[in-house]
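Worksheet for the structure shown next.
As a basis for the values below, the full set of heavy atoms in this structure was taken, side chains included, without hydrogen atoms, waters or symmetry mates.
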Amino acid sequence: MLGALVVLTGACSDYLDKAPGSDIDETEPYKNFRNFQGFVEELYAAIPKAIANDYHCSWNLGEDEYWEPSDNRPMARYIDNGNYRPIVDGGEFIYGFPKLDEGNPSAVERTKKGNVWKLCWYGIRKANIGLANLDLLQDATDEERDLIKGQLLFFRGWNHFMLMTYWGGLPYIDHVLPSGETPTLARMKFQECADLAAKDMEEAAKFLPVDWDKTEAGKLTLGNNNLRANKIMSLAYAGKTLLYAGSPLMNYESTGSRTYNADYCKRGAELLGQALKITEETGRYELASFEQYSELFHYADRGNRVPGLKEAIFMENLTELLGGSNWNQKNDYLYQKIVSSGVKVQPTANYVLYFGMANGLPIPSWTEADPVSGYDPTHPWKDRDPRFYKIFGYDGAQIVKDDAGTLAEEVKYASLYSGGDMRNHGGAKANQTGFVELKWIPLVAKQCGTYNEYEMCMALSFMRLADVYLLYAEAVANGYGSATSKSTSFNMTAVEAIDKVRARAGVPGVDARYLGSVEAFMSEVRRERAVELAFEGHRFHDLRRWLLLTERPYTYKTRLQFDRAPGIDFSNPKENRVTNIREEIILERQLEERHYWFPLPTADVNIYPEFGQNPGW
């Protein structure tokens, strides 16, 4: 018995000394489609999560949102202060709050899902390992091999694009780097890196289907293939990558010129045009109706149904989809009398002004009457772009559901005038700007006193179809030289692409006065992106690539002050009159040239000298 015990103890010790998985044949993950697709699935799990990383979340980093001043945790506050370092060297992640609750394992785990830097490098290595072992896939049909190869190429390109968006040109890793060896790959210029990323994604499109549900392999997961990499997604992201490469910031980083690079814009327009042509021919994606607009972003009390409809092309990581946003949305966006916890965030008055009139014309100023657009500062909520009413709560509008009919007026209806209850109640958490953001929280989730019974289901689309039309319009105009130009791959002019997005909301097309030059047209392109894609994480990147992040008025965050005129009508708040309207600056960002790019993590920069730090950091 003693001898047997010694033998068993030794055997157990030998077994425990083995690394996990070391007794699995190294070819096992790649031998057939089922196994290899299981390997690929982790690339989807490594897509960063933007919303609900932690109890609160900050993903809009332009001049679009203002967070209450006493809380220094939101990422937007770090951007406002020009202090990018803690985002990469402290929390080491891009989305959310850089200050982690290290004592809370679940909070730390959630924030890992938003770590763009680590997740994207992980995805690149994973894709390269898969491509290096593609020859081991023997037990598979030609279709199955194409699906595997296409996904690996797409994710290698897409992950590089995500990194480049924040940090500029990097080494393009297209092979498996040996473990244990210090790399010596120098950083490329943005355009050099973009060429390779776009090439990978354009190549991926050759192997991927338009719709996985219509493939033999896809039948195994029929109905659950909507977010898998496909031909349209690959072409659209390849085109977006090249448009970014042609944008002023990236062209300046690569060539020293602060203008658009027409060649890159043309190439981007051709690929974006191909994506749109296939979309319109197949119906794979389509613009949602305006009645369903909110379903692009969230559901409440609808189970774990994924929002986005047929417009969402590429979405964030969907872990914790059901309920993962409850705390953030119900505490950060709501009135202090409805919820006492959480920090508070509001849309800035300067950003709300981008939402022009129902006739499609812009508004130059909150305080001056405009005979061209018809804006009247005594009736600032009247005849506005229909998206204004979908996205913002304004003074006198209902912002809280009240089925029982028991709520006080100042709770049920927005009291956002100067001296109003929402502006005064809650101390530092009082409303600072004069508006409430409704895009990311439905009315049904704001039932006073019972809000916790509603589970929020939110997901951010990194790319949706409206965005592709707007990217196409920008690429065509700057590549081919006019608003009425079109690409050779798609029979739609730049202005027609903008007009198609506006038509969904019932807004007239771009007025003729903006079609005489590319510069004039771009003012409407920039405004339309601000309106249609509001609070979806695009604004910060747009201001950066347009070289506007450090330029006034884009450095301002403002509030609107006004008095209610007598005779307010809560049943028709659009018609309510105001007096003494004025716009005030809350803060101005003091940003410099270096703030166009994030600093690279210090530990990574110090690995080898060829991996240099970004200028100014």
Side-chain angles (χ1 to χ4, degrees), residues 62-65 290 293 347-392 394 433-435 437 439 466-467 469-471 473-474 477-478 482-484 493-536 538-539 542-543 546-549 551-560 562 574 578 581-585:
E63 86 287 37
D64 40 4
E65 288 183 343
F290 198 54
Y293 197 63
T348 58
N350 49 280
Y351 196 81
V352 179
L353 190 63
Y354 292 127
F355 289 69
M357 300 297 284
N359 57 19
L361 293 174
I363 302 171
S365 166
W366 278 112
T367 59
E368 301 292 331
D370 180 34
V372 177
S373 68
Y375 171 74
D376 177 1
T378 68
H379 291 81
W381 331 128
K382 185 177 181 179
D383 296 330
R384 299 295 294 270
D385 184 315
R387 290 168 291 187
F388 171 89
Y389 306 109
K390 289 273 190 182
I391 292 173
F392 302 113
Y394 56 95
T433 69
F435 295 95
E437 190 174 316
K439 186 169 187 174
D467 182 24
Y469 280 110
L470 300 180
L471 292 169
E474 182 182 349
N478 289 284
S482 77
T484 55
T493 66
V495 66
E496 286 170 346
I498 296 282
D499 292 350
K500 186 176 181 71
V501 175
R502 288 187 173 192
R504 183 247 299 275
V507 179
V510 178
D511 190 86
R513 75 192 69 202
Y514 298 103
L515 304 182
S517 69
V518 173
E519 183 178 355
F521 180 63
M522 278 301 298
S523 68
E524 283 296 90
V525 171
R526 289 192 287 266
R527 190 171 71 86
E528 184 60 29
R529 286 190 65 81
V531 171
E532 177 60 33
L533 304 175
F535 312 117
E536 295 179 47
H538 296 283
R539 185 63 177 176
D542 282 346
L543 290 179
W546 294 330
L547 283 174
L548 296 176
L549 185 70
E551 303 299 314
R552 293 177 177 173
Y554 305 102
T555 55
Y556 293 140
K557 294 190 176 184
T558 70
R559 65 166 62 96
L560 201 64
F562 57 91
K574 299 177 185 179
V578 308
I581 189 169
R582 57 208 182 273
E583 187 178 7
E584 299 174 350
I585 296 172

- request: Please determine if D385 and R502 form a salt bridge, counting it only when a charged side-chain N lies under 4.0 Å from a carboxylate O.
  value: no
task: Please confirm whether the backbone N or O of E519 pairs with a side-chain atom of Y514, one donor and one acceptor, at under 3.5 Å?
output: no
message: Salt bridge check, R539 against D64: does any charged N sit closer than 4.0 Å to a carboxylate O?
response: no
field: side-chain hydrogen bond (donor to acceptor under 3.5 Å, both in side chains) partners of N350, counting only residues at least two apart
entry: T348, T558
message: Assess whether a salt bridge exists between E528 and R387, defined as any Lys/Arg side-chain N lying under 4.0 Å from an Asp/Glu carboxylate O.
response: yes
message: Could you report the tightest heavy-atom contact between P508 and G360, atom names first, then the distance?
response: CD-N, 3.9 Å
message: Angle between ring planes, Y354 versus Y351, binned at 30° and 60°: parallel, tilted or perpendicular?
response: perpendicular
message: Can you tell me how far apart NE2 (H538) and CG (L471) are? Round to the nearest 0.5 Å.
response: 8.0 Å
task: Output, in order, the C-alpha distance, side-chain angles, deciding distance and verdict of side chain to side chain contact (heavy atoms under 4.5 Å, CB included) for K574 and H379.
output: CA-CA 8 Å; K574 299 177 185 179; H379 291 81; over 6 Å; no
field: Pair E551-W546, side-chain donor/acceptor within less than 3.5 Å
entry: no
message: Check R559 with E583, please: is the shortest side-chain N to carboxylate O separation under 4.0 Å?
response: no
Nearest non-hydrogen partners of V518 and A477, listed with the distance: CG2-O, 3.6 Å
query: Honestly, is K390 close enough over F290, meaning NZ or CZ under 6.0 Å from the six-membered ring centre and within 45° of the axis?
result: yes
- prompt: Can you tell me how far CH2 of W381 sits from CZ of F388, rounded to the nearest 0.5 angstrom?
  reply: 6.0 Å
From L533 atom CG to D542 atom CG, the distance as rounded to the nearest 0.5 Å: 7.5 Å
field: Distance in Å, E437 CD paired with F535 CZ, rounded so as to fall on 0.5 Å steps
entry: 4.0 Å
query: What closest approach, in Å, do S373 and P362 show between heavy atoms, and which atom pair accounts for it?
result: CB-O, 3.4 Å
- request: Would you indicate whether the side-chain heavy atoms of T367 and P377 approach each other to under 4.5 Å?
  value: no
query: Charged N to carboxylate O below 4.0 Å: is that the case for E532 and R504?
result: yes
message: If you apply the rule side chain to side chain contact (heavy atoms under 4.5 Å, CB included), what do you find for I363 with R384, and how did you get there?
response: CA-CA 10 Å; I363 302 171; R384 299 295 294 270; 3.4 Å; yes
message: Please report the interatomic distance OH(Y375) to OG(S365), rounded to the nearest 0.5 Å.
response: 7.0 Å
- prompt: Is K439 reaching over with its side chain to a backbone N or O of A534, donor-acceptor style, under 3.5 angstrom?
  reply: yes
Pairwise side-chain contact, T378 with V578, heavy-atom cut-off 4.5 Å (strictly under): no
task: Taking the side chain as every heavy atom from C-beta outward, state whether V510 and D499 have any atom pair closer than 4.5 Å.
output: yes
task: Would you mind reporting whether E63 and L543 have side-chain heavy atoms less than 4.5 Å apart?
output: yes
Straight-line distance of R526 CZ to R529 CZ, nearest 0.5 Å: 12.0 Å
query: Shortest non-hydrogen contact from D370 to P364?
result: OD2-CD, 3.4 Å
message: Assess the residue pair V495 and L515 against the criterion (side chain to side chain contact (heavy atoms under 4.5 Å, CB included)); give the C-alpha distance rounded to whole Å, side-chain angles, the decisive distance to 0.1 Å, and a yes or no.
response: CA-CA 8 Å; V495 66; L515 304 182; 3.6 Å; yes
message: Please determine whether side chain to side chain contact (heavy atoms under 4.5 Å, CB included) holds for the pair F562 and W366, giving the CA-CA distance in whole Å, both sets of side-chain angles, and the decisive distance to 0.1 Å.
response: CA-CA 11 Å; F562 57 91; W366 278 112; over 6 Å; no
